[in-house]
Amino acid sequence: MQPDKTPILVTGGAGYIGSHTCKHLATKGFTPVAFDNLSYGHKHAVKWGPLEVGDLNDKARLLEVINSHRPAAIIHFAAYSLVGESVTNPGKYYANNVGGTLNLLEAMRETGIDKIVFSSTCATYGIPEHLPIRETTPQNPINPYGKSKLMMEHMLADFDTAHGIRSVALRYFNACGADQDGEIGEEHEPETHLIPNILKSLTGDVPKLTVFGTDYDTPDGTCIRDYIHVEDLAHGHMLALQHLFDGKPSDRYNLGTGEGFSVKQIIEAVERVTGQIVPLEYGPRRPGDPPILTSDVTKARTRLKFETSASDVDTVVASAWNFHKIQAGR
Ligand code: UDP
């Protein structure tokens, strides 16, 4: 592979994981071209290459951007990802996530681009019967968000068979943390994720954190998740891209740490790192939350040579807290 400013189209490049991946691509010598409709992404998060504002459902715009930049590959993040909203408004998810991906794949076929790294999710597994989750664990998503991502994985496989478009689907566990230089971070609106919500309770943006459920069948009664630093995820995308540039076949990988932390353990980590007490209340379970989700990352470790370097919980929390304070001071 010869980076030499090679353009890579990053759909959703103004979003949380997309923007961190753009930064990582730039440090490796590529030119990340962010394609984003800015519905959830932020213009200020696009700093390492051009921003092309556009929507995946506008195929003419997509073709225009592809033809003007001629990317060597595509990394596809652009998707809606609010689980609760996907239950109440499934059409929004199928139209944007599935319909948008179909446009993207058709545009790739028409322009001869044959490599794509896809942002999939552990939500495609639903509630697994066995832990930790392997890539061979049956995929039975329990909400339209997870179902839309699984459909996208199926589409990728079919476009490889029919048109030779090779893909790597990365099924991430819980993305968290922020750029350790403090340039970008997690800025969801509305914010539903645990760590930013804990930090908001410390700075008074919300009165207190609500812990969703304390009666799960786990050691402390709260849900257990596998938290992976967004910089490690960005690195995983780079390795997946390399896999495709090396001419290897389509594949799918879990990206996580293989370690689980409960909600209470994450709260303790925040208290340890910030030196503050988290104001909290205990609430009922959030519908659709599986008790435990942890990954088996053996496949990514052995075949992609994937290793995490920033995902220990204290580093995750320190980077998120650093970005949160920078944001609060803006
Ligand atoms: N959680 C919580 N309070 C919050 C947000 C999340 O107790 O304000 C819990 C949630 O129920 C889950 C864990 O924290 O058990 C991680 O949730 P998050 O939304 O960050 O990620 P998910 O696992 O849903 O992708």
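Predicted model, so just to flag it, every value in this text is computed and none were measured. In each ligand, atom 1 is the first atom listed, and ligand 1 is the first ligand listed.
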ask   = Taking D36 for the side chain and A14 for the main chain, is one N or O donor matched with an acceptor at less than 3.5 Å?
value = yes
request  = Please list all pairs passing the salt bridge (charged side-chain N to carboxylate O under 4.0 Å, His left out) test where one or both residues lie in residues 113-136, with sequence neighbours left out.
outcome  = R134-D296
Main-chain N/O of C176 paired to Y16 side chain as donor or acceptor, under 3.5 Å = yes
inquiry  = So, using ring pair (Phe, Tyr, Trp, His ring centres under 6.0 Å) as the criterion, who are the partners of F77 when residues are at least two apart?
reply    = H237
request  = Tell me the residues surrounding ligand 1, counting only those with a heavy atom closer than 4.0 angstrom, sorted by chain and number.
outcome  = N174, T192, H193, L194, N197, L209, T210, V211, F212, C223, R225, Y227, V263, R286, D289
task = Output all residues satisfying ring pair (Phe, Tyr, Trp, His ring centres under 6.0 Å) with F118, sequence neighbours left out; order by chain, then residue number.
result = H76
key: Main-chain N/O of P249 paired with H243 side-chain donor or acceptor, under 3.5 Å   = yes
